[in-house]
There are 2 protein chains.
Amino acid sequence: MVSREEWIKAGIKALVRGGPEAVRVEPLAKQLAVTKGSFYWHFDDRGALLDALLEQWKRVATLAVIDAIEPQAITPQERLRALMMMTFRSAEAPAIEGAIRAWSASDPRAQKVVRRIDRVRERYVRELLVECGLPAQVAAARARVMYLALIGEFSVVAHGGAPSSPALFGELLRLLLA
Amino acid sequence: MVSREEWIKAGIKALVRGGPEAVRVEPLAKQLAVTKGSFYWHFDDRGALLDALLEQWKRVATLAVIDAIEPQAITPQERLRALMMMTFRSAEAPAIEGAIRAWSASDPRAQKVVRRIDRVRERYVRELLVECGLPAQVAAARARVMYLALIGEFSVVAHGGAPSSPALFGELLRLLLA
DNA sequence: ACCTGAACACCGTTCAAGT
DNA sequence: ACCTGAACACCGTTCAAGT
C-alpha cells in the first residue's frame, strides 16, 4: 500500500538526483517495493507523475518564499535582503530549483510553469525596488538584473559550482539600490 | 555511408530540440537512414556521442567568443559591451548554451565541462573590469554578478521566456562600471 | 479500492555475417 | 572499413485477474 504522496516524494528525490529522465516508473516501483501496476492505479502515466512534481514545486517555491517574507512589516530594503538570503543561502532550494529549470529547458510543461513563476518573482522584486524609491524604469531594469543573477546562482550551484560569497549579496544590494 | 560528423550534427540538433534524452540512437539512425549498427561503428555507445557533443560545445562556445573579441585592440569598456552583445543578443547561443546547462544539472560529465567554462568566462570578465580601473575586490564581485546575469538570461531564454531588452544591457554596464 | 503478473512496444547494445 | 539483421535487456503501458 503506497499512497500517491509517497510516489510524489520518491519522484522529487529522483528528479533532484538525476533529472526528469531519472524519474522512471519501474525503478521507483522497485524502490517502493510494489509492482508497476500499482503506479498506474495512482497515475495515468509517467507524465502525470511529472505534472504532479511541477504542481508541488509551484506551491512550495513561490508562495512559500513570498509568504514568509511579506507578513513581517519591515522595510522594503530589509525584505530585499531577506529574499536574497532565502534564495542565495538556502540549502535545498538551489537543488530543486536547478532540477526544475534544467528540466524546463527541454519540456514545454515545465517551461510553462517556470515562466509563470519567473514573472511573479520578477514583478515582486520590481515592486520592492519601487518601494525603495527607485524610478519605475530603473527599478524594472534592476529587478531583471537581480532576478537573472538569482537564476544564474541556482544554475551554477545546481551544476556543483561554488555558491557565491556573502560579500556578493552586499555588493549586489548596493548596486541595485544605488 | 554516414560520417561521425553527421552523427554529431544530428545529435546537437536533437539536444537543442529535446534535451539529452532526445539524443537517441534508434531515432537518429532512422533519420539518417541507416541502422543502429552503423552508429556502433562510429561510437562505443550513446554516452560517447554525448561526450562528443560536449567536446564540440567546448570548442565553439568559449574560445570562439573570446577570440572574436580579443584581437580587436579596443578599450576594455568596449570589449565588455561587445561580450554582452554577443551573449545576450545572439540567436543560437542561448539555445545550445541553455541545452548544455540543462543537461549539466543532471549529468556529471556535462557538469565538469560547464564548470570549467564558467571559470574561464568569469575570470575574463573580472580581468576586463580590472582593466577598466576597478579595485580587485569590487571587480571580482561585479564580474560574478554579470556572469550570473548572463547565465540567468540563457536560462530564461532557453525556457522560452522573453529576452531582456537592449536597455537592460546599458543599465547593467552602467552598474558594473559605476 | 488497490495491487499482481503477464504481455507487448520501444530503444540501447552486441555480434556474427555481409559488402 | 563500414554496415545489416537478428537477438537480448530494460522500461513504459495495458489489462485481466486477484484480494
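Just the heavy atoms: all of them, side chains too, but no hydrogens, waters or symmetry mates, feed the values below. The sequence lines fix the lettering, A, B, ..., with proteins before strands; numbering per chain opens at 1.
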Report the residues that fulfil salt bridge (Lys or Arg N to Asp or Glu O under 4.0 Å) with [X], sequence neighbours left out, ordered by chain and then residue number.
X: A:E122; result: A:R144
X: A:E78; result: none
X: B:E131; result: B:R79

For [X] versus [Y], what's the shortest heavy-atom pair and its separation?
X: B:L129; Y: B:A139; value: CD1-O, 3.6 Å
X: A:A136; Y: A:V130; value: CA-CG2, 4.5 Å
X: B:V2; Y: B:H42; value: O-NE2, 2.7 Å

Sequence neighbours excluded - salt bridge (charged side-chain N to carboxylate O under 4.0 Å, His left out) pairs with any residue from residues 27-52 of chain B: B:E26-B:K36, B:D51-B:R109

Residue-level proximity of residues 39-57 of chain B to DNA chain C when a heavy atom falls under 4.0 Å: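 Here the set is B:Y40, B:D44, B:D45, B:R46.
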
Of residues 11-31 of chain B, the positions that come close to DNA chain C - non-hydrogen atoms, cut-off under 4.0 Å: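 Residues of residues 11-31 of chain B under 4.0 Å from DNA chain C: B:R24, B:V25, B:E26.
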
ILVMFWY cluster membership beyond B:L175 - transitive side-chain contacts under 4.5 angstrom: A:L175

Test side-chain contact (heavy atoms from CB on, under 4.5 Å) applied to A:A141 - qualifying residues, sequence neighbours left out: B:L168, B:E171

Nucleotides bounding contact with chain A, strand DNA chain D, heavy-atom threshold 4.0 Å: D:dC11 to D:dT14

For DNA chain C, the dot-bracket pattern of Watson-Crick and G-U pairs whose distances stay under 3.5 Å, | for other-strand partners: ||.|||||...|||||.||

Pairs involving residues 2-18 of chain B, ordered by first then second residue, that meet side-chain hydrogen bond (donor to acceptor under 3.5 Å, both in side chains) (sequence neighbours left out): B:S3-B:E6

Residues forming a side-chain hydrogen bond (donor to acceptor under 3.5 Å, both in side chains) with A:R24, sequence neighbours excluded: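 side-chain hydrogen bond (donor to acceptor under 3.5 Å, both in side chains) check on A:R24 returns nothing, list empty.
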
Under-4.0 Å salt bridge between B:R101 and B:E97: yes

